[in-house]
Amino acid sequence: MIQEERIKDLSQKPLKKGRYVLYWMQAAPRVTCNHAYQYAVRMADHLSLPLIACFNLIPGYLEAARPHYRFMTEGLLALSKTLNDQGVRFVIITGSPGAALLALGDDAALVVTDRGYLRFQKRWREQVAHELECPLVQVETDVIVPVTIASPKEEWSAATFRKKITSRLDRFLMPLEQKKPARSSLDMDAGSVKEETIETLVNKVSGDNPGKNRSGQPDPLPWSGGENSAQDILNRFIRENLDRYPTYRNDPETGVLSCMSPYLHFGQISPLFIAQKILETKSPSAGTYLEELIVRRELSINFVHYNPFYDEFSGLPDWAKKTLSDHSGDQREYTYRFSEFESAVTHDPYWNAAQREMVLTGKMHGYMRMYWGKKILEWSETPEEAYRTALALNNRYELDGRDPNGYAGIAWCFGKHDRAWQERPVFGKIRYMNAAGLNRKFDAGRYVARIEALGHS
DNA sequence: ATCGGCTCGCGCAA
DNA sequence: TGCGCGAAGCCGAT
């Protein structure tokens, strides 16, 4: 079922006479459990037209984050095969955002797309909606509950948001029927559009300079992209670790996490699909996992959607900005600059291990992310600088960087979605964390040893 | 080991 | 306007 609240006509233009329906697949490059894809299939069948799908690569991203680009490309390679099996031609285009897409859109009766919540994703869709001659219809599929339905405003905390979103699961946590289009588009031409072949893309990322990229991050990272990989990892998580999840999710040495965040970030798996699989197990641990997947994840989306300053210090709540500013001049026991944080050379072996885990694997353990962010706040000249450092490192090295969860996660370290605590130097009333806390939860020494071994292998 | 206090502002009842 | 509630941790008292 595709709830009408997921669907938004972005331009209110009349249908055009076209050769096909185009699904501009951007935030959700997957076939399984994709409301936007299913909407496009239905519209194509309804109009008796074939369906073509396209993905627009942004060149600027390429140089900045090679392992990320590779992960995405692996996903696209698999996706291309799956789409072809369904009789859908898949066109990959590059070049400045817009131009090639508009050319493809020239021959379309309508264009369907998925929804993103970050500034550039919104702007991009607005611009394309404006410039296309046919309608652009957006279908929201990377959330269980559409963002504006979950709440009409920026939420204060998980507590205020939880009631609202859970009350809407009845309607939105519903299976989506998977249909193939009736007509094939495999032998259609894409007009004047300059296409990238998958082979070219793979060569671009694997040909020159394998091993390490500019940032010192291994290439490839120990993850392979694509919806099949995502589903395999999910199945293994359910089989081996879901039951232990509530007890051990804060223990990086037990390794019980689902590791879905990179796949969710790139849209290679659907949160609805994950939630259904988890619920099917009837495991007593389902509730704890779904709290993270639904309440926390969609709270992050609520944050970036409603807060225009989601990536700056100024987006924090007033009490947090005030208390941090009050303590801006406090003496810091240690201070480091960006490059020192980046190369993991602080005095703290736990912090360094967390930073190295992120660089070496593309995914820092969730519990360490809190400690890591708190310490950047503690050891930077100013809270504003700390905020920039944490966000830049997160975006550069985490495979799930530049995700709503990343922005909300960093903001949380600085008080967002949290409460005030006993006032202390540097932090003010922001929640404090220290190394003793790590050792209360797990054997932090073993964690350090394991990460060091990773670096030498 | 376990427990209460720390502290804020939302959201609802009056 | 007032009050109950919740919140991914620390710290010190028991």
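Labels below follow one simple rule: chain letters A, B, ... track the order of the sequence lines, proteins then strands, and each chain is numbered from 1. Heavy-atom basis, side chains included; hydrogens, waters and symmetry copies ignored. Bear in mind the structure is a predicted one, so any value in this text is a computation, not a measurement.
B/dG9 sits 23 Å from C/dC10 when the P atoms are compared, rounded to a whole Å. Atom name P, nucleotides C/dC5 and B/dA14: the rounded distance is 14 Å, in whole Å. Distance noted for atom P between B/dT7 and C/dG12: 15 Å (whole Å). A gap of 16 Å separates the P atoms of B/dC12 and C/dA7, to the nearest Å.
With sequence neighbours left out, the side-chain contact (heavy atoms from CB on, under 4.5 Å) criterion links A/Arg356 to A/Ala344, A/Leu360, A/Ile451. Annotation: side-chain contact (heavy atoms from CB on, under 4.5 Å) contacts of A/Arg123 (sequence neighbours excluded): A/Arg119. A/Ala435 pairs by the side-chain contact (heavy atoms from CB on, under 4.5 Å) definition with A/Tyr350, A/Tyr371, not counting sequence neighbours. Under the side-chain contact (heavy atoms from CB on, under 4.5 Å) criterion, A/Ala408 pairs with A/Ser300, A/Phe303, not counting sequence neighbours. In terms of the ring pair (Phe, Tyr, Trp, His ring centres under 6.0 Å) criterion, residue partners of A/Trp124 (sequence neighbours excluded) are, by chain and number, A/Trp24.
Heavy atoms of A/Arg369 sit nowhere under 4.0 angstrom from any nucleic acid atom. Within the 4.0 angstrom heavy-atom criterion, only backbone atoms of the sugar-phosphate kind lie near A/Arg440; the bases stay farther away.
Note: A/Phe266 and A/Phe71 have tilted aromatic rings, judged against thresholds of 30 and 60 degrees for the angle between ring planes. Using bins of under 30°, 30° to 60° and over 60° for the plane-to-plane angle, the ring pair A/Trp379/A/Phe341 lands in the parallel bin.
Of the charged side-chain nitrogens involved, at least one lies within less than 4.0 Å of a carboxylate oxygen, so that A/Asp114 and A/Arg125 count as a salt-bridged pair. Ion pair A/Asp142/A/Arg297 not flagged as a salt bridge, since none of the NZ, NE, NH1 or NH2 atoms sits closer than 4.0 Å to an Asp/Glu carboxylate oxygen. Contact check on A/Glu154 versus A/Lys416 returns a salt bridge, with a Lys/Arg side-chain nitrogen under 4.0 Å from an Asp/Glu carboxylate oxygen. Taking the charged nitrogens against the carboxylate oxygens, A/Lys81 and A/Asp85 have no contact shorter than 4.0 Å, which rules out a salt bridge.
In 5' to 3' order, the nucleotides of DNA chain C bounding all contacts with chain A (an atom under 4.0 Å from a heavy atom) are C/dG6 to C/dC11.
When A/Tyr387, A/Tyr310, A/Phe414 are each tested for a ring pair (Phe, Tyr, Trp, His ring centres under 6.0 Å) with A/Tyr407, only one passes: A/Tyr310.
Enclosure of atom NZ in A/Lys153 by more than 12 non-hydrogen atoms of other residues, nucleotides or ligands within 6.0 angstrom is indicated.
Stem regions for DNA chain C, each three or more consecutive Watson-Crick or G-U pairs with both distances under 3.5 Å and listed by first number, read B:1-6 with C:9-14, B:8-13 with C:1-6.
For residues 432-456 of chain A, every residue pair satisfying the salt bridge (Lys or Arg N to Asp or Glu O under 4.0 Å) rule, not counting sequence neighbours, is listed here: A/Glu253-A/Arg450.
A donor-acceptor contact closer than 3.5 angstrom is absent between the side chains of A/Tyr334 and A/Glu340.
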Problem set entry | Protein proximity profile, nucleotides 9-14 of chain B - base contact B, sugar-phosphate-only contact S, no contact -, cut-off 4.0 Å on heavy atoms | SSS---

Could you tabulate the donor-acceptor pairs under 3.5 Å formed by side-chain atoms of residues 269-281 of chain A, not counting sequence neighbours?
unit_1, atom_1, unit_2, atom_2, d
A/Ser270, OG, A/Leu272, N, 3.0
A/Ser270, OG, A/Phe273, N, 3.0
A/Thr281, OG1, A/Ile278, O, 2.5
A/Thr281, OG1, A/Ser283, N, 3.1

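The stretch residues 414-435 of chain A touches DNA chain B through A/Arg419, A/Ala420, A/Trp421, A/Gln422, A/Lys429, each having a heavy atom within less than 4.0 Å of the strand. For the segment residues 373-380 of chain A, no residue has any heavy atom less than 4.0 angstrom from an atom of DNA chain C.
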